[in-house]
Enquirer: 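I'd like to ask you about the structure that follows.
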Protein chains: 2
Amino acid sequence: MTTESSFIDSALRGWKSNIERADQFFSALSEDQLLQQIAPGKNRIIYLWGHLTAVNDALLPLLGFGKRLHPELDTMFVSNPDRSIPVTVSGKELKCIWDEINESLWTGFSKLSASEWLQKHNSVSEEDFAREPHRNRFTILLGRTAHLAYHFGQAKLAE
Amino acid sequence: MTTESSFIDSALRGWKSNIERADQFFSALSEDQLLQQIAPGKNRIIYLWGHLTAVNDALLPLLGFGKRLHPELDTMFVSNPDRSIPVTVSGKELKCIWDEINESLWTGFSKLSASEWLQKHNSVSEEDFAREPHRNRFTILLGRTAHLAYHFGQAKLAE
């Protein structure tokens, strides 16, 4: 393995292990358990799972892998706070969507070369990227891994 | 910047931004606020901060930067659960320790070359590392960044 690919390998392992532990946790919960709040007055578990799923879905166009698969998740899990509008997706359905999105992401990740990882993501202009070359795909991957860990830590408090 | 150094730059930016937002949050709290639980029956905020500080301290020998600066933190914040033994460090003292450790880590991080980032960390044997070359310093950095985000997400629930 080259030096470059070793760095990418580490980052992809980090992503995958965080996805897997979140998956094990969320997938094992019943529909009733998913509707519980992580703490009094805080988000419900299903909201955090839906939020992470929607944010992962948005990575597809951001990283140039294609269109979003489930933009309908945003109304429920991103642009509105929990309990302000009805969640119309079940845990069982969310599990299918979550798997579908994560598989598409993994396929996209696996095809990128080292130089492609360092290319700009799709929410930064050419001009801004020239000044701030760290706004690349690799930085997005690391940032989203931390975002996943952040909310997973919260979800685990419900145990 | 070379391809290799771009990957390292992304990871160090991720580390730094997670440290900074944790620092801003914890440092702004009063001694009384630090003694509050993040949710009923859960860890107190100072426990999470002390835990993150102790885990960062342990990175110094793990990454070959030198001896631990504050091994005394482990009894309070790592090897025992919150409230099982008295916390004898104040928030003000913890802030100094946290800064001291993070500055030492940053000095160490800044000196590593690309190939040194991919060398084994000090808790893996030569034999195991030959089989599992991903058990290197870079993977530790990414893992500890996610660990920081995980507990910071929990601490933020106290807001």
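First the proteins, then the strands, lettered A, B, ... as listed; each starts at 1.
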Enquirer: Under 4.5 Å from any heavy atom of chain B, what part of A/Leu157 do you find: side chain, backbone, both or neither?
Expert: both
Enquirer: Side chains of B/Ser6 and A/His134: closer than 4.5 Å at any heavy-atom pair?
Expert: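 A side-chain contact is absent here, since even the closest heavy-atom pair is not under 4.5 Å.
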Enquirer: A/Ala11 versus chain B, heavy atoms under 4.5 Å apart: side chain, backbone, both or neither?
Expert: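 Contact with chain B: backbone and side chain both.
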Enquirer: May I ask you to list the residues in residues 36-50 of chain B that approach chain A closer than 4.5 angstrom, counting heavy atoms only, ordered by number?
Expert: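 Residues of residues 36-50 of chain B touching chain A at under 4.5 Å: B/Ile38, B/Ala39, B/Pro40, B/Lys42.
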Enquirer: One thing to verify: whether B/Arg68 and B/Asp74 come together as a salt bridge, which I'm taking to mean a side-chain N less than 4.0 angstrom from a carboxylate O.
Expert: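 Judged by the 4.0 Å cut-off on N to carboxylate O distance, B/Asp74 and B/Arg68 do form a salt bridge.
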Enquirer: Counting heavy-atom pairs under 4.5 Å with chain A, which one of B/Thr2, B/Thr145, B/Thr139, B/Asn136 comes out on top?
Expert: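 Heavy-atom pair counts peak at B/Thr139.
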Enquirer: B/Ile8 versus chain A, heavy atoms under 4.5 Å apart: side chain, backbone, both or neither?
Expert: side chain
Enquirer: Would you confirm whether A/Ser84, through its side chain, and A/Pro81, through its main-chain N or O, come within 3.5 Å as a donor-acceptor pair?
Expert: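 A pair under 3.5 Å: yes.
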Enquirer: What I want to check is whether the side chains of B/Ser27 and B/Asp23 have a donor and an acceptor closer together than 3.5 Å.
Expert: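 Their side chains do contain a donor-acceptor pair, which is all the 3.5 Å distance test asks for.
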Enquirer: Who pairs with A/Glu159 by salt bridge (Lys or Arg N to Asp or Glu O under 4.0 Å), at least two apart in sequence or on another chain?
Expert: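 So A/Glu159 forms a salt bridge (Lys or Arg N to Asp or Glu O under 4.0 Å) with A/Lys156.
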Enquirer: Given the side-chain rings of B/Trp117 and B/Phe109, with only the six-membered ring counted for Trp, is the space between their centroids under 6.0 Å?
Expert: yes
Enquirer: Between A/Gly143, A/Ala114, A/Ser17, A/Gly14, who has the most heavy-atom pairs with chain B when the cutoff is under 4.5 Å?
Expert: A/Ala114
Enquirer: Taking side chain as everything from C-beta outward and backbone as N, CA, C, O, which of these in A/Leu141 sits under 4.5 Å from a heavy atom of chain B? Side chain, backbone, both or neither.
Expert: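 Neither part.
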Enquirer: Mind checking what makes side-chain hydrogen bond (donor to acceptor under 3.5 Å, both in side chains) contact with A/Thr88, not counting sequence neighbours?
Expert: none
Enquirer: According to side-chain hydrogen bond (donor to acceptor under 3.5 Å, both in side chains), who are the partners of A/His147, at least two apart in sequence or on a separate chain?
Expert: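 In terms of side-chain hydrogen bond (donor to acceptor under 3.5 Å, both in side chains), with neighbours along the sequence ignored, A/His147 is linked to A/His51, A/His151.
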Enquirer: Going from SG on B/Cys96 to NE2 on B/His70, what distance comes out if it is rounded to the nearest 0.5 angstrom?
Expert: 9.0 Å
